[in-house]
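Notes to accompany the following structure.
When a ligand or atom number is given, it counts from 1 through the structure's own listing order. Hydrogens, waters and symmetry mates are skipped; everything else that's a heavy atom, side chains included, is used. All residue numbers refer to positions in the sequence shown, counting from 1.
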Amino acid sequence: MPICQSCGKRWTWKQTIKTIFKLKCPYCGEKQYESASSRIRSGVFWLIPLVILPINAGFGFSVGTALFIAIILVFIILGLYPFILKLSNEEEPYW
Ligand SMILES: [Zn+2]
């Protein structure tokens with residue numbers, strides 16, 4: 001789970017999901033950023049559905065089924081996201 005770099009408190013899964021798009025600490029209210037290393041990891045994470053989809057097509061699933069699987073995957077990834085998320089006080093450059 002992510003730890004706030006401002007106050008050092010660990011966010012719970014639920015708190016992380018709640019603030020997943022804003023990344024605002026529920027304890028001290030400070031804006032947090034995803035650290036560069038975490039962003040690379042989560043980037044790979046978000047690529048999984050894109051990799052799955054062509055495999056899906058290979059099995060001859062209909063567009064509806066593929067879309068359904070993709071949506072399920074997005075929810076699974078979103079659910080796992082707090083486990084890989086690492087916070088930073090400043091927006092870190094990629095390189
Ligand atoms: Zn905090």
Side-chain angles (χ1 to χ4, degrees):
M1 297 298 171
I3 296 166
C4 174
Q5 295 304 299
S6 183
C7 66
K9 288 214 168 77
R10 188 182 290 266
W11 298 1
T12 64
W13 183 87
K14 220 173 145 189
Q15 283 167 335
T16 311
I17 290 290
K18 263 191 181 166
T19 187
I20 205 149
F21 296 112
K22 284 186 288 183
L23 293 179
K24 209 171 163 199
C25 178
Y27 298 103
C28 63
E30 281 295 316
K31 170 101 179 97
Q32 293 289 297
Y33 299 92
E34 188 172 0
S35 75
S37 63
S38 171
R39 258 190 305 200
I40 291 164
R41 264 184 301 164
S42 58
V44 172
F45 232 54
W46 288 109
L47 281 176
I48 296 170
L50 293 179
V51 174
I52 298 279
L53 281 178
I55 297 169
N56 220 325
F59 281 108
F61 289 142
S62 70
V63 176
T65 312
L67 209 64
F68 180 73
I69 292 168
I71 289 167
I72 299 276
L73 275 171
V74 165
F75 273 106
I76 292 169
I77 291 167
L78 209 59
L80 291 173
Y81 195 56
F83 294 99
I84 59 152
L85 181 66
K86 270 212 163 78
L87 298 170
S88 159
N89 268 333
E90 286 148 43
E91 195 151 22
E92 292 175 10
Y94 273 94
W95 315 113

Name each donor-acceptor pair under 3.5 Å that joins a side chain in residues 71-80 to protein atoms two or more places apart or in another chain, with its distance.
none

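- Note on Ile84 and Leu23: same hydrophobic cluster, where clusters join Ile, Leu, Val, Met, Phe, Trp and Tyr whose side-chain heavy atoms are under 4.5 Å apart, directly or indirectly.
- Among residues two or more places apart in sequence or in another chain, the side chain to side chain donor-acceptor pair (under 3.5 Å) test is passed with Thr16 by none.
- Here the straight-line distance linking atom CD of Glu91 with atom CZ of Arg39 works out to 5.5 Å at 0.5 Å rounding.
- For the 3.5 Å distance criterion, the side chains of Ser38 and Ser35 fail to qualify, holding no donor opposite an acceptor.
- Screening the protein for N, O or S atoms under 2.8 Å from the Zn ion (ligand 1) yields 4; no waters enter the count.
- Residues forming a side chain to side chain donor-acceptor pair (under 3.5 Å) with Tyr27 (at least two apart in sequence, or on another chain): Gln15.
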